[in-house]
Amino acid sequence: DWRQLNQSNRMADHPVHSIFFFPLPAAGHVIPMVDAASVFASRGATATILSPDPAPQLLADRLRKARHSGHQIDLLLLRQAADGDVSGRRQPPFLASPAYSFDLFRDLEKRFAEPLEIALLRHRPSCLVSDMFLPWTADSARRLAVPRLVFQSMGFFPHCVIDAVERHAAEQRELGTWIGERLAVPGLPHRIEMKRSQLHDSAGLRTEFSEFFDRVAESGRASHGEVVNSFYELEAEYAEHYRRVMGRRAWHIGPVSLVHDTAGIAGAKEAAAILTWLDSKPTETVVYVCFGSMGRMSEAQMGEITAGLAAAGHPYIWVTGGEGEQRSIVEEQRSVVEEQRSGLGLVVRGWAPQAAILGHRAVGGFVTHCGWNSVMEAVSAGVPMATWPLFAEQFYNEALVVDVLRVGVRVGAEVWGMAEEEKPVVARANIAAAVAQLMEEERGSEERKRRAAEMGRKAREAVAVGGSSYSEVDQLMSELSRLQLERSQQNL
Ligand code: UDP
């Protein structure tokens, strides 16, 4: 019982730490950050989430769910410097499309650096855990002498690959001359092959994006360390590479989603309808299809997915996001769930309770865009994947899933990019073939399933008492105690 643990830890080795968590307002960042806050709260810390005022609905929903699972997390709203706006009327800043990342990053710094510093001054937390994409928070924390930890919204492996690609590109000066069509990324523990078109588009270039990433890296070095939502057994060689070769100080504390008992999570009635539908299906027969909070497909691609899923013939749940303006809705209660006329599948226009779906016994495979959280949730649930990366670090995550962990099959996406209309369409035949490989014993699904189940077991062991992630949380809490002692001695 988390609450019991909470109390016994409080009496044990650590003073009560007050930890501030500042997520980037985007689904893939808020969700794991609230879960991370729950992990620390369950281990005796006082956890507070910072958010621009007004807080996004998703954050309010996640905090409610955390409380429902017994984790008491406080919310501290940062009021932006007065600009004549009436706070109640403002839209909460929230990232629903990758195209607006930079605007949001800039906007947050401009509006919330000062309120953050006031909050740190007033409350003097033991530490600030802030998102990797909020590099300016390192400066604020340093000014107020509060240790800052970076919250990594991705795992060790993609960081290692990006670092290797960038290093090699810098050595070779021209990415185009050495990369060819296929590249074995040099200097990594495994042979990882990527197509040139699958690398992030700023690879080896000086762009606005790469400059921002330089700033992220610099602020990482200026911080006390990093918190990573991963576990040692998942990517041991890369956890080592990250620390030893890349010289980073990191604590792995994941999978943070396992802090909840997904079966017990109360959701909206739309969410309950999906789970009831799953209850009626035999074990491991349903394919779950979702491209994260920002993945959007072109009309042509939507048609191919519909046809591909029908041709594969397995029951499915496909989360398409909302229509038009509403594409980004991240509220279960506004979702529309439609049963296909064929009776084969459910289409969810909006938001689905993903972790609960992946944890349902009826789900046997996941067609995923390979966002880090989705990968971690699938791994935690022991569900094998058909991989369909779109942008960000997703193609590197695909390589981890398919080539290193061997718990996935590629659907066949070849081009990194944020504009789906500009990409080649993945044909229905490829989609149907990947789903067949994922789900059918005669197409080799058994071994993959076995490995995925084994990885799921290791994930649960990692977060259980004495496990690798559990111990890292202990070590991090001791480190905070040491820092606190150091600070109080300096003040004497
Ligand atoms: N998610 C969800 N329901 C949806 C779509 C996404 O619960 O309909 C959650 C998913 O479980 C994960 C997060 O949103 O925790 C998406 O993060 P990820 O890193 O996979 O992808 P991103 O959205 O950042 O591209």
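Both counts, for ligands and for their atoms, begin at 1 and track the order of listing.
When heavy-atom distances to ligand 1 are checked against a 4.0 Å cut-off, I31 comes that close only through its side chain, counted from C-beta outward. Residue contacts with ligand 1, taken as heavy atom pairs separated by less than 4.0 Å, involve W372 solely via the backbone atoms N, CA, C and O. Using a 4.0 Å cut-off between heavy atoms, A26 makes no contact with ligand 1 at all.
Considering both main-chain and side-chain atoms, R62 never comes within under 3.5 Å of ligand 1 through any nitrogen or oxygen pair. Residue-to-ligand polar distances keep A27 apart from ligand 1: every N/O pair is separated by 3.5 Å or more.
Side-chain contact between T137 and R148 is present, with heavy atoms from C-beta onward closer than 4.5 Å.
Ranked by closest heavy atom to atom 17 (O) of ligand 1, the top entry among V256, D35, N373 is N373. For atom 7 (O) of ligand 1, the nearest non-hydrogen atom from the set C290, A352, P353 comes from A352.
Here the protein heavy atom with the shortest distance to atom 25 (O) of ligand 1 is H369 NE2, 2.9 Å.
The atoms of ligand 1 that sit less than 4.0 Å from any heavy atom of V319 are 8 (O). Using a 4.0 Å cut-off to heavy atoms of E377, the atoms of ligand 1 that qualify are 10 (C), 11 (O), 12 (C), 15 (O). Contact atoms of ligand 1 toward G292: 23 (O) (distance under 4.0 Å to a heavy atom of the residue). Using a 4.0 Å cut-off to heavy atoms of G28, the atoms of ligand 1 that qualify are 17 (O), 24 (O).
The two atoms that bring H260 and S69 nearest to each other are ND1-OG, 3.1 Å, heavy atoms only. Taking both residues in full, the closest heavy atoms of E233 and S468 are given as OE1-OG, 2.8 Å, listed atom of the first, atom of the second, then distance.
Stacking of R43 on the aromatic ring of Y470 is recorded, both the 6.0 Å distance cut-off and the 45° axial limit being met.
Within 6.0 Å of atom CZ in F212, more than 12 heavy atoms from other residues, nucleotides or ligands are found, so the atom counts as buried in its surroundings.
Note on ligand 1: H29 sits outside its first shell, no heavy atom being nearer than 4.0 Å.
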Exercise. Walk me through it: do E454 and R451 pass the test salt bridge (charged side-chain N to carboxylate O under 4.0 Å, His left out)?
Key: CA-CA 5 Å; E454 174 71 8; R451 278 191 293 269; over 6 Å; no

